[in-house]
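Reminder, nothing fancy here: chain letters follow the sequence lines and each chain counts from 1. Nothing here was measured: the structure is a model prediction, and the numbers come from that model.
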Amino acid sequence: MRITLNDIPEELPGDATTARDVLAAKGWSFPLIIMKVNGVLVPRDAWDGFVIRDGDAVEALHLVSGG
Amino acid sequence: MRRILRGKTVGVAGAGGLGSNCAVALARSGIGSLRIADFDVVSEANLDRQYYFLDQVGRPKVEALRDVIARVDPAVRVETFDGRIDPDSAVAFFAGCAVLVEAFDDAGAKAMLIRTALDRLPDMPVVAASGLAGWGADEDLKVRRFGRLTVIGDEERGVSDALPPMAPRVGAVACMQANEVLALLLGPMEG
């Protein structure tokens, strides 16, 4: 399946995955991650069950230090 | 416009490179009231990017910033919190603000504040910054909105020995944060 993650095309195995698995595939384990799929916020407690399908646009935010 | 802004209170969490520059930009814009929190004192090393002056070295940042703002516009009301912000103190100090600006340095502290605000300060827009180290790369600075959270920066360049925070890029992001606050308070520009 093919999605975009932060506007960058990503190839993932299978036909569907979950929001949590997308983050796991990227190795993201930051202290705060906020996700949107096709423009809609996906709360953290819904990541396990939220299905991501071919063609979905995933936006995920994490924080880096500096201020 | 000024009349609307005079009636607004904006919270600024952190008074370093982001917070000091953002707060001064908001004061110059005519915001009526600012609530500023920081635990640190002004050091000479801060003067490379923060809105302080040599004669303020050694003073608590929140006091120094209050004085700077008073010199710009004594009508701006400034409430200060001189200490470390944790979830409870964040809720107590910032409750009632029209917008909260996240201006911390450390990514973990940023995460704590944003999570606290989203969980415990209902309806309050939060304007955060992530990715402002180094120089150049203006074209990488972006604004992304996730519900009532706006994040400004390149989301990539954290500070390191090779990539220090520097006045132009930190100041650019701080002013973009202030600009986003104005947009939230005034609504979009016409035309």
Side-chain angles (χ1 to χ4, degrees), chain A, chain B residues 12-22 38 40 46 49-50 101-119 126 128-134 142 144-160 163-166 169-170 173-174 177:
Chain A
M1 63 183 279
R2 215 171 156 74
I3 64 165
T4 61
L5 178 60
N6 293 335
D7 295 327
I8 296 167
E10 292 274 348
E11 194 75 42
L12 297 173
D15 294 331
T17 185
T18 66
R20 181 159 324 263
D21 286 340
V22 170
L23 297 178
K26 297 300 292 179
W28 279 31
S29 59
F30 300 101
L32 180 81
I33 301 172
I34 296 186
M35 281 187 101
K36 277 199 301 197
V37 178
N38 300 328
V40 178
L41 272 177
V42 181
R44 174 175 290 256
D45 57 13
W47 289 354
D48 286 322
F50 195 96
V51 178
I52 309 279
R53 293 190 173 80
D54 188 64
D56 280 349
V58 179
E59 293 170 75
L61 162 84
H62 73 93
L63 302 163
V64 297
S65 286
Chain B
V12 180
L18 290 171
S20 63
N21 286 291
C22 182
D38 200 291
D40 208 0
N46 298 148
R49 67 188 189 284
Q50 304 187 16
V101 175
E102 179 284 309
F104 287 147
D105 181 15
D106 174 69
K110 288 173 180 289
M112 177 277 294
L113 183 80
I114 293 168
R115 190 173 294 128
T116 300
L118 295 181
D119 290 348
V126 179
S130 178
L132 44 78
K142 56 192 172 189
R144 289 212 291 170
R145 296 181 180 87
F146 290 74
R148 62 188 161 96
L149 171 67
T150 303
V151 175
I152 298 172
D154 64 26
E155 294 183 26
E156 194 181 323
R157 294 179 183 87
V159 290
S160 65
L163 225 51
M166 299 182 75
R169 211 152 184 263
V170 174
V173 171
Q177 287 183 288

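In this structure, chain B has a heavy atom under 4.5 Å from the side chain of A/Leu41, while its backbone stays farther away. Only the backbone of B/Glu156 comes within contact range of chain A, with at least one heavy atom under 4.5 Å from a heavy atom of that chain. The part of B/Phe104 that comes within reach of chain A is its backbone (N, CA, C, O), which places non-hydrogen atoms under 4.5 angstrom from that chain. At a 4.5 Å heavy-atom cutoff, the contact between B/Arg49 and chain A is made by side-chain atoms alone. Heavy-atom distances place no part of B/Leu163 under 4.5 Å from chain A, backbone and side chain included.
Across all their heavy atoms, B/Ser130 and A/Leu63 have their closest contact at OG-CA, 3.3 Å. Taking every heavy atom of both residues into account, A/Pro31 and B/Ala107 meet most closely at CG-O, 4.5 Å. Across all their heavy atoms, B/Phe146 and A/Lys36 have their closest contact at CD2-CG, 3.7 Å.
Comparing B/Ala111, B/Ala103, B/Ala109 by heavy-atom pairs within less than 4.5 Å of chain A, the highest count is held by B/Ala111. Of the listed residues (B/Val170, B/Val151, B/Leu149), the greatest number of heavy-atom pairs within a distance under 4.5 Å of chain A belongs to B/Val151. With chain A as partner, the option from B/Glu155, B/Arg145, B/Arg144 having the largest number of non-hydrogen pairs under 4.5 angstrom is B/Arg144.
Heavy atoms from other residues, nucleotides or ligands lying under 6.0 Å from CG of A/Asp7 number 12 at most.
Heavy-atom neighbours of chain B within the stretch residues 51-62 of chain A, taken at a separation under 4.5 angstrom, comprise A/Glu59, A/Ala60, A/Leu61, A/His62.
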